[in-house]
Amino acid sequence: MTDSASPDLRSRLLPRIQSDGDTVWTPADFADLGGRAAVDKVLQRLVAAGELRRIDRGLYDRPRRNQLTGRDTVPDYRAVIRAVTRRDQARFVVDGMTAANDLGLTTAVPARIEVLVDTRLKPIKLGAQEIHFKPAAPSRLFWAGRPAMRVVQALHWIQNVLATPEEHERVANHLRRLFADPEHGPALRDDLRQGFSALPIWMQNFLRELISPAPEAQARVPTLTEK
């Protein structure tokens, strides 16, 4: 058997890593290429060669250097969350501040990122940030894995400031632009409509007009293939 850290395994594993420089990888992502022990050895050697960085136990990414400071950049917490939950097949929902930051609704960057999950996971430290995984009941994970998860979580976090007319309009305008995006907007609007009854009443009132179909779409006559 050649299920050791062979050059052949390295030559198959490395192109996958190089094809996506933003991904955080786990050994499970290469299970189709070789056995766990062999994959672990290749990953260890890539770390020793400086081609990979070990973020935490079983988490790797391609190191990037900050042009100004000359130091390695901190791993993207979003990619780390995706890798951990992908590895453990966990459903997750990010906290409201993190969601609002991801959507551009706030410039505040949380030092402690809280992730609701349906399993027990250890915290991960990324420079000055720390990701905490908090076990949650299924009822709190309704939006897990859904396109509109960050919209819902962000609105929960900024609920109080929506009482201010200026903030209400700022957030509404930002979401209008987000929902109008031709690539992501339709999926967000459709997902919110499908889960609308699960939203609190105040959020329903805020989103109703923003996600309602355009008048021309409502009046469109179905084609023969749609009937």
Side-chain angles (χ1 to χ4, degrees), residues 20 22-24 76-86 88-110 113-119 131 133-134 136-227:
D20 190 346
D22 296 326
T23 296
V24 171
D76 185 343
Y77 66 83
R78 290 161 291 199
V80 173
I81 293 170
R82 287 194 297 269
V84 171
T85 53
R86 182 175 70 248
D88 295 288
Q89 299 181 358
R91 299 170 66 229
F92 76 95
V93 170
V94 297
D95 67 88
M97 182 189 293
T98 301
N101 180 272
D102 289 346
L103 295 177
L105 285 167
T106 181
T107 56
V109 179
I113 301 166
E114 188 171 275
V115 183
L116 302 181
V117 290
D118 58 357
T119 187
I131 305 174
F133 298 94
K134 183 178 179 180
S139 60
R140 299 193 64 188
L141 296 171
F142 177 84
W143 293 95
R146 300 180 62 147
M149 177 262 287
R150 282 178 170 78
V151 172
V152 174
Q153 290 298 100
L155 288 176
H156 275 299
W157 183 65
I158 61 179
Q159 177 185 1
N160 291 337
V161 303
L162 293 178
T164 306
E166 293 79 6
E167 279 298 297
H168 186 284
E169 192 61 20
R170 181 188 73 84
V171 173
N173 286 336
H174 189 93
L175 291 181
R176 284 191 187 96
R177 292 191 294 271
L178 188 65
F179 296 154
D181 179 79
E183 183 178 358
H184 304 292
L188 290 172
R189 295 194 307 270
D190 289 346
D191 193 32
L192 287 167
R193 292 188 196 113
Q194 291 168 13
F196 202 71
S197 62
L199 298 172
I201 299 300
W202 68 265
M203 197 180 296
Q204 291 182 11
N205 293 335
F206 180 81
L207 287 171
R208 186 173 286 109
E209 181 184 351
L210 299 179
I211 64 173
S212 61
E216 59 270 21
Q218 293 177 333
R220 186 175 64 85
V221 178
T223 64
L224 289 175
T225 57
E226 293 174 321
K227 291 181 178 179

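Keep in mind that the numbers below use all heavy atoms, side chains included, and drop hydrogens, waters and symmetry copies. Heads up: numbering here begins at 1 and tracks the sequence.
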Could you grab the distance from atom [atom1] of [X] to atom [atom2] of [Y], nearest 0.5 Å is fine?
{"X": "Arg189", "Y": "Ser212", "atom1": "CZ", "atom2": "OG", "result": "9.5 Å"}
{"X": "Arg170", "Y": "Leu162", "atom1": "CZ", "atom2": "CG", "result": "9.0 Å"}
{"X": "Leu210", "Y": "Leu188", "atom1": "CG", "atom2": "CG", "result": "12.0 Å"}

Of all pairs that satisfy salt bridge (charged side-chain N to carboxylate O under 4.0 Å, His left out), the ones with a partner from residues 137-146, not counting sequence neighbours:
Arg146-Asp191
Filter on salt bridge (charged side-chain N to carboxylate O under 4.0 Å, His left out), then keep only pairs touching residues 150-160, sequence neighbours left out; what's left?
Asp102-Arg150
Decide side chain to side chain contact (heavy atoms under 4.5 Å, CB included) for Leu116 and Leu141; before the verdict, give the C-alpha distance in whole Å, the side-chain angles of both, and the deciding distance to 0.1 Å.
CA-CA 7 Å; Leu116 302 181; Leu141 296 171; 3.9 Å; yes
Does some side-chain heavy atom of [Y] sit less than 4.5 Å from a side-chain heavy atom of [X]?
{"X": "Ile81", "Y": "Arg78", "result": "no"}
{"X": "Leu207", "Y": "Leu155", "result": "yes"}
{"X": "Gln153", "Y": "Asp95", "result": "no"}
{"X": "Val84", "Y": "Phe92", "result": "no"}
{"X": "Val171", "Y": "Leu105", "result": "yes"}
{"X": "Asp22", "Y": "Asp76", "result": "no"}
{"X": "Val152", "Y": "Leu192", "result": "yes"}

Return the minimal non-hydrogen interatomic distance between [X] and [Y], and the atom names on each side.
{"X": "Pro110", "Y": "Thr98", "result": "CG-OG1, 3.4 Å"}
{"X": "Gln204", "Y": "Phe196", "result": "NE2-O, 3.1 Å"}
{"X": "Trp143", "Y": "Met149", "result": "O-CB, 3.2 Å"}

Hits for side-chain hydrogen bond (donor to acceptor under 3.5 Å, both in side chains) against Asn101, two or more places apart or cross-chain, chain-then-number order -> none
Suppose we screen for ring pair (Phe, Tyr, Trp, His ring centres under 6.0 Å). Which residues come up paired with Phe179, at least two apart in sequence or across chains?
none
Counterpart residues, ring pair (Phe, Tyr, Trp, His ring centres under 6.0 Å), relative to His168 (two or more places apart)
Phe206
Residues two or more places apart in sequence or in another chain: which of them pass side chain to side chain contact (heavy atoms under 4.5 Å, CB included) with Trp157?
Met97, Ala100, Thr106
Can you spot which of Val161, Asn160, Ile158 makes a side-chain contact (heavy atoms from CB on, under 4.5 Å) with Glu167?
Val161
When you measure from the side chain of His184 to the backbone N and O of Pro147, does any donor-acceptor pair fall under 3.5 Å?
no
Between Met203 and His156, does the side chain to side chain contact (heavy atoms under 4.5 Å, CB included) criterion hold? Intermediate values first, please.
CA-CA 8 Å; Met203 197 180 296; His156 275 299; 3.7 Å; yes
